[in-house]
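Notes follow once the structure below has been shown.
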Amino acid sequence: MKGMVFTELLDMVENKFGMNMVDQILEDAELPVSKGAYTAVGTYPHEEIVSLVMQLSKHSGIPPNELLKIYGEHLFSRFHELYPGFFEGATDAFAFLGEIDQYIHVEVRKLYPDAELPKFDCEQPDENTLLMHYESGRHMEDFAEGLIRGCLQHFNEDAEITRIPQGENKTTFRLTHA
Ligand code: HEM
């Protein structure tokens, strides 16, 4: 997992919970590779983000799945600040989300050739519905849902998000405009 995912998480923790919480979770989490020192361009094991979130949950009392959603939502607004070019010409959430595989993550891969990215096949059966078929062995569904929420918020839209499990490593997100 790219270092920016860790540095952005720790920045969010510092802003929402304070520096002591950052120190506490870095101390208690199992971070064998990074030893708690992340650079944005480095790559670290996925397990380290899981361990940090578990510790944050323990110390904050907020369930891990909720924390991952909060983090995804927050990260989307950071993406907008960090990569404004990706948003050029983007007019609505369904159009943006529908292009993650063909455009957004393609550009991410150019910036970070070793990025571990999920697969997102999308289809729009009707005007008010978007189906996002997520596939990843890393099971970041909660994080994905947070990013989707962040995207809807960015475009000032409202949609109901339903998860439909599709067997091993696959989940469909169904977004329905209110
Ligand atoms: C400008 C927008 C976006 C940027 C710059 C971006 C960038 C990234 C980056 C850097 C990673 C980490 C790769 C790694 O750790 O090696 C990632 C992973 C991921 N992205 Fe995106 N992303 C964007 C939008 C989205 C959106 C809207 C979704 C919503 C569903 C999404 C879903 C995911 C998921 C679920 C992962 C975790 C990896 C996995 O599940 O296997 N991304 N993305």
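Both ligands and their constituent atoms are indexed starting at 1 by order of listing.
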According to a 4.5 Å side-chain heavy-atom criterion applied to Ile, Leu, Val, Met, Phe, Trp and Tyr, with indirect links allowed, do Val5 and Tyr83 form part of one hydrophobic cluster? yes
Where is the nearest protein heavy atom to atom 40 (O) of ligand 1: which residue, which atom, and how far? Tyr134 OH, 2.6 Å
Which residue owns the protein heavy atom closest to atom 13 (C) of ligand 1, what's the atom, and how far is it? Glu116 O, 3.6 Å
Single-linkage hydrophobic cluster, 4.5 Å side-chain cutoff, Leu131 and Leu147 together: no
Phe87 ring center within less than 6.0 Å of His80 ring center: yes
Close approach, Phe120 and ligand 1, non-hydrogen under 4.0 angstrom: yes
Salt bridge between Asp11 and Arg78, side-chain N to carboxylate O under 4.0 Å? no
Among all protein non-hydrogen atoms, which one is nearest to atom 41 (O) of ligand 1, and what is the separation to 0.1 Å? Ser136 OG, 2.6 Å
How are the rings of Tyr134 and Phe173 set relative to one another: parallel (under 30°), tilted (30 to 60°) or perpendicular (over 60°)? perpendicular
So the atoms of ligand 1 within less than 4.0 Å of a heavy atom of Ala144 turn out to be 30 (C), 35 (C)
Heavy-atom closest contact (Pro32 atom, Glu48 atom, distance): N-OE2, 3.4 Å
My understanding is that we take every heavy atom of each candidate and find the minimum distance to atom 27 (C) of ligand 1. Doing that for Leu97, Thr43, Leu68, Leu82, which one comes out nearest? Leu97
Just do the side-chain contact (heavy atoms from CB on, under 4.5 Å) check on Phe120 and Met132 with the steps written out, would you? CA-CA 6 Å; Phe120 269 111; Met132 301 178 68; 3.8 Å; yes
Residue pairs fulfilling salt bridge (charged side-chain N to carboxylate O under 4.0 Å, His left out) with at least one residue in residues 12-25, sequence neighbours excluded: none
Ala115 neighbourhood, listing ligand 1 atoms whose heavy-atom distance to it stays under 4.0 Å: 13 (C), 16 (O)
Report, in ascending order of atom number, the atoms of ligand 1 lying under 4.0 Å from any heavy atom of Phe86. 1 (C), 5 (C)
Ignoring angles and geometry beyond distance, decide whether Tyr112 reaches within less than 3.5 Å of ligand 1 through its nitrogen or oxygen atoms. no
Would you say Leu82 ends up clustered with Phe6 if hydrophobic residues are merged whenever their side chains have heavy atoms under 4.5 Å apart, either directly or through other cluster members? yes
Examine Asp114 against ligand 1 and note whether any of their N/O atoms are separated by less than 3.5 Å. no
Looking at Glu141 and Arg163, is there a salt bridge between them, counting it only when a charged N and a carboxylate O are closer than 4.0 Å? no
Going by the 4.0 angstrom heavy-atom rule, the piece of Met1 near ligand 1 is both
Please verify the inter-ring angle class for Phe76 with Phe79; under 30° counts as parallel, over 60° as perpendicular, anything in between as tilted. perpendicular
Ignoring hydrogens, what is the shortest heavy-atom contact between Val108 and Ala115? Give both atom names and the distance. CG1-CB, 4.4 Å
When you group the ILVMFWY residues by side-chain heavy-atom contacts below 4.5 Å and let the links chain together, are Ile62 and Leu75 in the same group? yes
Top protein contact for atom 15 (O) of ligand 1, by heavy-atom distance: Lys2 N, 2.7 Å
Measuring from atom 21 (Fe) of ligand 1, count protein N/O/S atoms under 2.8 Å, please. 1
Can an N or O of Tyr83 be found at a distance shorter than 3.5 Å from an N or O of ligand 1? no
Considering only non-hydrogen protein atoms, determine which one is nearest to atom 12 (C) of ligand 1 and report residue, atom name and distance to 0.1 Å. Val5 CG2, 3.8 Å
